[in-house]
Amino acid sequence: MKTLVTVSALVCTLFAAPAALADAGGSCHFHGSKPATEAVVTDCAAKRKAALVKAGKLDASWQAVPQDKLELIDGKKGKEWKVSFKNPAVADAGKQTLYIFFSQPGNFIVANHTGQ
């Protein structure tokens with residue numbers, strides 16, 4: 001009986017652990033080298049932008065800004081997705097464009113205003 005209780009507790013812990021460890025961008029983590037589709041990258045970029053707004057790293061005005069451009073570029077470690085958002089409400093012209101980079105399979109790399 002004691003073994004049954006222990007095994008049951010272990011099984012419940014294993015099933016609950018992934019949900020407890022997932023963050024807002026958890027569905028945008030991929031393994032392997034299969035290239036992500038444009039739709040997947042667009043969705044992940046929108047989620048990442050929303051997470052940056054929620055974390056206070058971007059002003060709330062960015063929440064409603066639609067995607068401006070999506071392109072596959074040559075990055076430092078191979079092909080990368082570069083997603084841009086333009087927010088004319090930002091006073092600093094150098095920070096009106098947000099760039100979010102993903103690996104070709106769709107994993108987040110970096111977000112910045114430089115495009116580099």
Side-chain angles (χ1 to χ4, degrees):
M1 183 68 166
K2 185 176 181 180
T3 304
L4 180 61
V5 171
T6 303
V7 170
S8 296
L10 179 61
V11 170
C12 289
T13 302
L14 291 175
F15 282 113
L21 297 175
D23 66 353
S27 63
C28 292
H29 179 83
F30 306 95
H31 294 275
S33 59
K34 181 181 174 188
T37 64
E38 289 185 8
V40 167
V41 175
T42 296
D43 183 54
C44 289
K47 288 179 181 177
R48 182 60 64 168
K49 179 178 58 106
L52 291 169
V53 170
K54 184 176 180 182
K57 295 185 179 191
L58 287 176
D59 183 70
S61 67
W62 283 97
Q63 189 66 41
V65 175
Q67 178 181 307
D68 180 51
K69 198 190 298 186
L70 171 68
E71 54 191 323
L72 192 59
I73 62 167
D74 290 320
K76 293 179 183 176
K77 295 182 179 180
K79 295 284 186 184
E80 295 177 355
W81 290 103
K82 180 179 178 181
V83 185
S84 61
F85 298 87
K86 290 194 180 195
N87 186 354
V90 174
D92 183 351
K95 295 192 177 188
Q96 286 183 345
T97 304
L98 171 68
Y99 300 95
I100 304 178
F101 293 87
F102 295 90
S103 64
Q104 192 170 15
N107 294 307
F108 173 73
I109 298 172
V110 70
N112 61 44
H113 295 286
T114 65
Q116 303 285 324

Counterpart residues, side chain to side chain donor-acceptor pair (under 3.5 Å), relative to Asn107 (two or more places apart): none
Joint cluster assignment, Tyr99 & Trp81, ILVMFWY side-chain distance < 4.5 Å: no
Result block: side-chain N/O donor-acceptor pairs under 3.5 angstrom for residues 69-79, not counting sequence neighbours:
{"residue": "Asp74", "atom": "OD1", "partner": "Lys79", "partner atom": "NZ", "Å": "3.0"}

Pairwise disulfide bond (SG atoms under 2.5 Å apart) hits with a residue in residues 80-116, at least two apart: none
Pairing residues for Gln63 by the side chain to side chain donor-acceptor pair (under 3.5 Å) criterion, not counting sequence neighbours: none
Phe102 vs Val83 side-chain heavy atoms within contact, under 4.5 Å: yes
Stepwise side chain to side chain contact (heavy atoms under 4.5 Å, CB included) test for Val90 and Trp62: CA-CA 9 Å; Val90 174; Trp62 283 97; 3.8 Å; yes
Ser61: side chain to side chain donor-acceptor pair (under 3.5 Å) partners, not counting sequence neighbours: Asp59, Asn87
Salt bridge (Lys or Arg N to Asp or Glu O under 4.0 Å) contacts in which one or both residues fall within residues 28-42, not counting sequence neighbours: none
Closest non-hydrogen atom pair, Pro66 against Phe85: O-CD2, 3.5 Å
Side chains of Lys95 and His113 in contact at under 4.5 Å (non-hydrogen atoms): yes
Of all pairs that satisfy disulfide bond (SG atoms under 2.5 Å apart), the ones with a partner from residues 38-104, not counting sequence neighbours: Cys28-Cys44
Student check: side-chain heavy atoms of Phe108 and Ile100 closer than 4.5 Å: yes
Side chain to side chain donor-acceptor pair (under 3.5 Å) involving Ser33 - partner list, sequence neighbours excluded: none
Ala46: side chain to side chain contact (heavy atoms under 4.5 Å, CB included) partners, not counting sequence neighbours: none
Pairs where residues 30-55 contributes a residue and the test ring-ring contact (aromatic ring centres under 6.0 Å, His included) is met, not counting sequence neighbours: His29-His31
Rounded distance [0.5 Å steps], CG in Asp43 versus CD in Gln67: 10.5 Å
Partners meeting salt bridge (charged side-chain N to carboxylate O under 4.0 Å, His left out) with Asp68 (sequence neighbours left out): none
By salt bridge (charged side-chain N to carboxylate O under 4.0 Å, His left out) - contacts of Asp92 (at least two apart): none
Same apolar cluster: Val41 and Phe101, side chain cutoff 4.5 Å: no
Heavy-atom pair of closest approach, residues Ala36 and Pro105: CB-O, 3.3 Å
Spatial distance of atom CG (Asn112) from atom CG (Leu98) [nearest 0.5 Å]: 7.5 Å
